[in-house]
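See below for the structure under consideration.
All residue numbers refer to positions in the sequence shown, counting from 1. When reading the values below, keep in mind they use all heavy atoms of this one structure, side chains included, and skip hydrogens, waters and symmetry mates. All values derive from a computational prediction rather than experimental measurement.
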Amino acid sequence: MQRIILYILFCGSLLPGAFRARAQSAEIAGLRSSLPFAKDSMVYVDMLNQLGMYYHLSNIDSCFLLATKAREIAVRLHYKRGEAGALKNLGIVYGQQFSIQQAIAYEKAAMALYLASGDSANVCHMMNNLSIDYEAAGNKSLELYYEQQAMAWGSRLSNDSMYSLVLSNYIIKYSKDSTKQHAVKWAYDQLRNITARYPYSREWLYARMFEAVTLLKQGHGREGEVLINKVADTAIQKGFLHLGIAAYFRVLDDFIPMGYPADSVLYAAKIFKLSQQAGYYELMMKMLPYLYRHYEKVNDAGNIAYYGNGIRQLALHQLTLQRQREEINYLEYFMKEQEMQSLQLRNQVQQQAIEGSNLERATRRILIWFLAALLVLLTGITIVYYRYYRNSRKYELRVDNMNRSIAEKNRLLRSNDDFKNKLISVIAHDFRDPLNNIIRMAAMLQAHSLDKPAMEQLTSQITDSAAETLAVFDNILRWIKSQLSGFIYAPAPCNIYSMMTEALPSIQHAAQEKKVSISIQVPDDIQVAAEREMLQFVHRSLLNSAISFSTPGGQVQVLTTEEAGAVKVWVKVLQINITAAMLPHLFEYRGTSYYKGFRRHDAELALVICKDFMDKMGGHISAAPEKEGFAFVYELPSFH
């Protein structure tokens, strides 16, 4: 029943003169009498479409025949707007016949033509009808899509009446959906704002119907029923019989299902009477069985006779239409049309295939010439590119060789620079203390303040210090030699105990000044494979650094361990004056935060040379924290 009401609203609203039922017969008669005198073929098509629209509720067969005739002429004239009007009427016809798929096909075709011509109002109308048809077909996604599109198009129209009808459809459709009440209220507010500008118009009457339903939902059913009847009376007075029918249907479809005690028979009779006046035979046929069975049940002879006579008149009307109609078969028309479209499409495909074949041959010839030219061009480009690549490759190789040469020279320069700095550091470190001692003792001799035994002892110390300095000088020369090209490392057995004992005198003075005790706890048979002068430089440097990093009165211990063919030598400092964070950086030379921030003098650079020596001898050296203080540890292969 809701589909019929929606078609009454949306189709009736498009007729000129607001679809005044009392004038409908005169309009039909006037249009039919004017058809033979229409000189303009397009005007003739428009008249056929308008006449078909008048017939869509009273004589569906006439609507169908007029639509097919209008379409045939419009196609022949290439009159797209007239063809769209005919397709729209065909969609309405099939929709009323509940042939939903055919209705959808015609309405989509009409919408495409309206889109091409820029008729936004009719595009909106077709989208709304498609939403209704897809709802009947059970296709929820397309139903919602076209519903949203109709709302969007309607909101942009300058013609408020079409948008108000779309809003009315939305309200009717979702008025009983509890999840959509907020949206329904929004649509009703929009509709009320639009219709407020047009009192007593069709749109205004629609809004008043929904206002009555709202009163019912708020518990004011009696006031809502009174308002419904006022709307219906106003619509009938203005000739809007379709709106009167729609108003009475609100009672049947909304009031009674919600429990309001309205007289359904009374409103069904009112709908039947208005349908009879308007010539809506479909609605008359919907109401008659219900009314006849009711009065037959209550044994009301007068109404039984009245509605029985109505049934007889409807039957005679249908028989008359059947005799007059030209054996209309809606499905056959649709299928023949689809077959014709298929043949046309096949013909177009064949024609396109022939044209495509000709085009393909022409394209092939052009392509062959193009490819030949392209091949020549590519050959030339390849030759030029190859020559460029060969020259570029030679240049890259020359540049690469130059870069490698420059890099090697830079490396040698950095190495030489490092060697120079290390050499200066070592000389400053290993010669400063012995020479200072010699100078100090010489000054004491010059003062003549010593007796003979003291002088002899001092002279002996000067001799020892000079000898020690000479030994250091020999070691430094050996190290310088190790840094020069051509140096060959030749390991020999080195006794750790004897070498540590020999190194003690060179650091004895520094140890006495800081009162640091040195304990050598090394077995006298431990030997490693090393270069003696290099290893002795390491021993002196480690002992000197241990004293330097020890607190006054501290202890230094020398220990060894041997395992897996390797000997580890530990120089432990038990009381230290450096932090654990500095230990990993003691053997680094340039570019470190330790070197930049913690080194106070060049003495510790001797440790860097120790690492160089250990690398050349195949050993490893490091500084590691201990439970008490820290330890220098180096590892070399054992000599057996």
Side-chain angles (χ1 to χ4, degrees), residues 415 418-433 468 471-484 487 489 491-492 494-496 499-504 506-507 510-511 518 520 522 528-550 556-560 566-573 576 578 582-592 594-595 598-625 629-637:
S415 177
D418 288 346
F419 172 67
K420 178 190 69 175
N421 292 332
K422 292 176 184 178
L423 178 59
I424 293 172
S425 175
V426 169
I427 292 173
H429 177 267
D430 285 0
F431 284 118
R432 180 181 289 114
D433 289 345
E468 180 187 337
V472 170
F473 181 71
D474 289 339
N475 288 338
I476 290 174
L477 288 178
R478 174 68 63 137
W479 174 69
I480 293 172
K481 182 180 178 181
S482 73
Q483 297 294 321
L484 300 176
F487 170 76
Y489 171 61
C494 298
N495 186 280
I496 301 298
M499 292 182 70
M500 282 289 184
T501 304
E502 291 173 7
L504 283 178
S506 64
I507 51 89
I518 300 174
I520 300 176
V522 178
V528 295
E531 208 283 334
R532 181 177 178 81
E533 284 76 11
M534 289 183 180
L535 183 58
Q536 192 65 344
F537 179 86
V538 172
H539 289 162
R540 287 198 307 272
S541 298
L542 294 183
L543 290 172
N544 189 68
S545 295
I547 294 169
S548 176
F549 294 138
S550 177
V556 175
Q557 295 178 350
V558 180
L559 307 171
T560 58
V567 174
K568 284 186 179 181
V569 179
W570 306 74
V571 180
K572 294 187 177 182
V573 185
I576 61 175
I578 63 171
M582 295 171 62
L583 296 180
H585 306 288
L586 291 178
F587 295 95
E588 297 176 358
Y589 179 58
R590 282 182 177 270
T592 65
Y594 167 70
Y595 178 78
F598 294 103
R599 287 241 166 118
R600 294 164 295 178
H601 50 77
D602 291 333
E604 290 79 14
L605 288 176
L607 296 176
V608 179
I609 300 173
C610 292
K611 187 176 188 307
D612 286 348
F613 283 174
M614 280 296 163
D615 291 340
K616 283 184 170 58
M617 293 186 293
H620 175 74
I621 190 167
S622 63
F630 79 97
F632 291 114
V633 185
Y634 75 78
E635 181 178 349
L636 284 171

Inset, instruction - Quick one: do I578 and L583 satisfy side chain to side chain contact (heavy atoms under 4.5 Å, CB included)? Show the steps, please. - result: CA-CA 8 Å; I578 63 171; L583 296 180; 3.6 Å; yes

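- Distance CD1/I547 to CD1/I507: 4.0 Å, rounded to 0.5 Å.
- Just one of H620, H539, K611 meets the side-chain hydrogen bond (donor to acceptor under 3.5 Å, both in side chains) condition when paired with Y634; it is H539.
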Legend entry - Chi angles and distances behind the side chain to side chain contact (heavy atoms under 4.5 Å, CB included) call for L543, V558: CA-CA 9 Å; L543 290 172; V558 180; 4.1 Å; yes

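- Atom NZ of K572 is separated from atom CZ of F632 by 14.0 Å, given to the nearest 0.5 angstrom.
- Interatomic distance, N495 CG to M500 CE, rounded to the nearest 0.5 Å: 11.0 Å.
- In this structure, V633 and V571 have side chains that are not in contact, with every pair of non-hydrogen atoms separated by 4.5 Å or more.
- For the pair S541 (side chain) and F537 (backbone), a donor-acceptor distance under 3.5 Å is present.
- Residues F630 and A623 share a closest heavy-atom pair of CD1-CB, 4.4 Å.
- In this structure, CD on E533 lies 8.5 Å from SG on C494, to the nearest 0.5 angstrom.
- With Q557 contributing its side chain and I518 its backbone, the two residues share no donor-acceptor pair below 3.5 Å.
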Legend entry - Verdict with supporting geometry, S545 and L607, side chain to side chain contact (heavy atoms under 4.5 Å, CB included): CA-CA 8 Å; S545 295; L607 296 176; 3.5 Å; yes

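- A search for salt bridge (charged side-chain N to carboxylate O under 4.0 Å, His left out) contacts involving K568 returns nothing, not counting sequence neighbours.
- Put simply, CD on E635 and OG on S622 are 9.5 Å apart, with the number rounded to the nearest 0.5 Å.
- Here the shortest heavy-atom pairing between L535 and A530 reads CD2-CB, 4.0 Å.
- Tested against L636, the residues I621, V528, I496 include a single side-chain contact (heavy atoms from CB on, under 4.5 Å) partner, V528.
- Between R540 and E502 there is no salt bridge, since no side-chain nitrogen of the basic residue lies less than 4.0 Å from a carboxylate oxygen of the acidic one.
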